[in-house]
Amino acid sequence: MLQVAVIREQTNKVLEGLRKRNFKDAENLINLILKKDALRKETQKALDDRKAKANADAKKIGELIKAQKNDEANALRASIGEAKETTKAMEASLNESEKEVIDLLYKIPNIPHESVPAGFGADDNLKVYEHGLLPQLSLDALPHWELIKKYDIIDFDLGNKIAGAGFPVYKGKGAKLQRALINFFLDEAEKQNYKEIQPPIVVNEASGYGTGQLPDKEGQMYFIQEDGLYMIPTAEVPITNLYRDVILNEEDLPVKNAGYTPCFRREAGSWGAHVRGLNRLHQFDKVEIVQIRKPDESYQALDEMCAYVQSLLEKLELPYRKLLLCGGDMGFNSALTFDMEVYAAAQQRWLEVSSVSNFETFQANRLKLRYKTKEGKIHLLHTLNGSALALPRIVASILENNQTSDGIKIPKALIPYTKFDIIN
RNA sequence: GGAGAGAUGCCAGAGUGGUUGAAUGGGACGGUCUCGAAAACCGUUGUGCGGGUAACUGUACCGAGGGUUCGAAUCCCUCUCUCUCCGCCA
């Protein structure tokens, strides 16, 4: 959520940013917010004045009663009666104004960083880096959804039987590979001074609002009606919400957390072509890294996080490319996002395995996540997060890229974790 | 699931209707003292939204939301959470 003050003081910059996102009707919405907020201020000023008088009167009545001047006290008391109704009405209208402003603010996406290219969709994203040679497979190479059957390591039919489509069952070496990847990613994160966090995989409504899943994106999350809990779509949600309503001391920064969780996504409406096998699931595993930074350090942190994610892909010997997302393809909350895509050689497709973003103050403003400087000043912080990494598509490319006539070779870096070097 | 108790500032903990944003203690920070430290003593120790260049100032906030009252941390209602005991149980 943007700050009203930013919209008020940098209106043109905000409008320009929204244009880059191809955000429709920005001007009207922004003007409406400014108008509603001006009304809010005006109402508050009038209400505060009124309350100041009421407080003074109440004090006076107390003093009069103490001084045994009951007649005067009663006279004053009688004069107040009608004013209360008006005050109550003003309070209601203030509440309404505040709510209207917030509801409008929820509709405005984050302002893109100046380096974000204009564009409408995935085709306009900018490839900023590519690493590794694309494997040349033999003609009889199989896509991963065939390989998992051939070696009996992941079973979609069984998942379908006990849960539904998009909930695979990992078996034998398939299960061990999952566990190996999770441990590998967590160990690597620890080497980079990320603190390991194991959060709940359900969150309450306030947390959904904190990181921006709510309102509007509730359709993407599984919801447990009985208890009002949402199953997390990513560890970003619980780990970032740890810092909701928190004022950190400057010396506590930076915060670097990493956590493994399963992630749950309803993916309503996005089912169709190109989602075979592991390409898109309702439940998948992911290690997420989250950083909380002072504003002047956040872009340096974003670079560090990208470099770290890239180092993981290099250790896994997967060819990848790094994309700078264009305004039209960026997430609602993000100011700047890099996607990492690995190449799945049998499908001959690039698969997104990581998305690394700087949200600047957009989440922090909702979360009320701030820090106090040594001088005692309070400022919003910047939040960042990235996948490091999401498992299924990594598994898909390992399976496809490393298939040989003898079986599937495990990347060297993973063997200490899998304790086998081939799936056959 | 049943019964009871509770929720106050960074922490502990007073406060049952009237200048209480909140006693007291601890912690932290600053100062005096000291070669330095400890001890002792003195001081500081909110957040949001307004107004003001600023000093400062108005208002709200004692789990959340309502209500009673001229006036609520204090009384009433609803909700949430925590603790204790019992039951169940990985």
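Every value quoted in this text rests on a predicted model; they were computed, and no experiment measured them. Chain identifiers are assigned alphabetically (A, B, ...) following the order of the sequence lines, protein sequences preceding nucleic acid strands; residue numbering begins at 1 within each chain.
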To the nearest Å, give me how far apart [atom1] ([X]) and [atom2] ([N]) are.
X      : N     : atom1 : atom2 : value
A:R50  : B:C70 : CZ    : P     : 16 Å
A:N204 : B:C79 : CG    : P     : 19 Å
A:Y371 : B:U47 : OH    : P     : 14 Å
A:L380 : B:G48 : CG    : P     : 9 Å
A:K368 : B:G48 : NZ    : C1'   : 8 Å
A:E63  : B:C70 : CD    : C1'   : 13 Å
A:K59  : B:A72 : NZ    : P     : 12 Å
A:L64  : B:C70 : CG    : C1'   : 11 Å

Rounded distance (nearest 0.5 Å) linking atom CG of A:L336 with atom CE of A:M330: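 Rounded to the nearest 0.5 Å, the CG-CE separation comes to 7.0 Å.
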For the [atom1] atoms, the ones on [N] and on [M], what distance do you get once it is rounded to whole angstrom?
N     : M     : atom1 : value
B:C83 : B:G18 : C1'   : 34 Å
B:C89 : B:U78 : C1'   : 31 Å
B:A14 : B:G6  : P     : 12 Å
B:C62 : B:A23 : P     : 16 Å
B:C33 : B:A38 : C1'   : 12 Å
B:A54 : B:G65 : P     : 31 Å
B:U8  : B:G63 : C1'   : 10 Å
B:U47 : B:G21 : C1'   : 11 Å

Candidate list A:I415, A:D406, A:I408, test side chain to side chain contact (heavy atoms under 4.5 Å, CB included), partner A:I422, passing option: A:D406
Could you list the donor-acceptor pairs under 3.5 angstrom formed between side-chain atoms of residues 287-294 of chain A and any protein atom two or more places apart in sequence or on another chain?
{"from": "A:E288", "atom 1": "OE1", "to": "A:K286", "atom 2": "NZ", "distance (Å)": "2.6"}
{"from": "A:Q291", "atom 1": "OE1", "to": "A:R293", "atom 2": "NE", "distance (Å)": "2.7"}
{"from": "A:Q291", "atom 1": "OE1", "to": "A:R293", "atom 2": "NH2", "distance (Å)": "3.1"}
{"from": "A:Q291", "atom 1": "NE2", "to": "A:Y194", "atom 2": "OH", "distance (Å)": "2.9"}
{"from": "A:R293", "atom 1": "NH1", "to": "A:E297", "atom 2": "OE1", "distance (Å)": "3.2"}
{"from": "A:R293", "atom 1": "NH2", "to": "A:E304", "atom 2": "OE1", "distance (Å)": "3.3"}
{"from": "A:K294", "atom 1": "NZ", "to": "A:E250", "atom 2": "OE2", "distance (Å)": "2.9"}

Any donor-acceptor N or O pair under 3.5 Å, side chains A:Y299, A:E360: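 Yes, A:E360 and A:Y299 have a side-chain donor paired with an acceptor closer than 3.5 Å.
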Sugar-phosphate, base or nothing in reach of A:R370, heavy atoms under 4.0 Å: sugar-phosphate
Touch class at under 4.0 angstrom, heavy-atom based, for A:E98 against every strand present: nothing
Contact list for residues 54-79 of chain A, test ring-ring contact (aromatic ring centres under 6.0 Å, His included), sequence neighbours left out: none
Qualifying salt bridge (charged side-chain N to carboxylate O under 4.0 Å, His left out) pairs, either residue in residues 225-238 of chain A, two or more places apart: none
Of all pairs that satisfy salt bridge (charged side-chain N to carboxylate O under 4.0 Å, His left out), the ones with a partner from residues 146-174 of chain A, not counting sequence neighbours: A:D152-A:K171, A:D155-A:K171
Those residues that, when tested against A:Y106, pass side-chain hydrogen bond (donor to acceptor under 3.5 Å, both in side chains) (two or more places apart): none
Listed partners of A:K36 passing side-chain hydrogen bond (donor to acceptor under 3.5 Å, both in side chains), at least two apart: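 A:K36: side-chain hydrogen bond (donor to acceptor under 3.5 Å, both in side chains) contacts with A:E100.
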side-chain hydrogen bond (donor to acceptor under 3.5 Å, both in side chains) between A:Q220 and A:Q213, intermediate numbers included: CA-CA 8 Å; A:Q220 292 298 328; A:Q213 279 67 36; over 6 Å; no
Show me the donor-acceptor pairs, under 3.5 Å and distance only, between side chains in residues 386-394 of chain A and residues at least two apart or in other chains.
{"from": "A:S387", "atom 1": "OG", "to": "A:S355", "atom 2": "N", "distance (Å)": "3.2"}
{"from": "A:R393", "atom 1": "NE", "to": "A:N279", "atom 2": "O", "distance (Å)": "2.8"}
{"from": "A:R393", "atom 1": "NH1", "to": "A:E352", "atom 2": "O", "distance (Å)": "2.7"}
{"from": "A:R393", "atom 1": "NH2", "to": "A:N279", "atom 2": "O", "distance (Å)": "2.8"}

Lys/Arg-Asp/Glu bridge criterion (N-O < 4.0 Å) met for A:D187, A:K191: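 Salt bridge flag = no for A:K191 with A:D187.
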Lys/Arg N to Asp/Glu carboxylate O, A:K51 vs A:D48, below 4.0 Å: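 No.
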Where protein sits on nucleotides 59-69 of chain B, one letter per nucleotide: B base, S sugar-phosphate only, - none, heavy atoms under 4.0 Å: SS-------SB
Pairs under 3.5 Å (N/O, protein and nucleotides 42-44 of chain B):
none

Counterpart residues, ring pair (Phe, Tyr, Trp, His ring centres under 6.0 Å), relative to A:F184 (two or more places apart): A:Y417
Stepwise side-chain contact (heavy atoms from CB on, under 4.5 Å) test for A:F338 and A:L302: CA-CA 9 Å; A:F338 291 101; A:L302 185 66; 3.9 Å; yes
From B:C70, B:C49, B:U47, nucleotide with atom closest to A:R40 side chain: B:C49
Residue mapping more 5' on RNA chain B - nearest nucleotide basis, A:I65 or A:K41: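 Its nucleotide being nearer the 5' end, the pick is A:I65.
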Most 5' of A:D57 and A:I247 on RNA chain B, judged by nearest nucleotide: A:I247
Residues A:Y243, A:N257; criterion side-chain hydrogen bond (donor to acceptor under 3.5 Å, both in side chains); working and verdict: CA-CA 11 Å; A:Y243 299 89; A:N257 287 334; 2.9 Å; yes
Return the polar atom pairs (N/O with N/O) between nucleotides 81-83 of chain B and the protein under 3.5 Å, or none.
none

Stem regions touching RNA chain B, defined by at least 3 consecutive Watson-Crick or wobble G-U pairs below 3.5 angstrom: B:1-7 with B:80-86, B:10-12 with B:24-26, B:27-32 with B:40-45, B:46-51 with B:56-61, B:63-67 with B:75-79
Under 4.0 angstrom between A:K372 side-chain N/O and B:U47 OP1 or OP2: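 Affirmative; the distance criterion is met.
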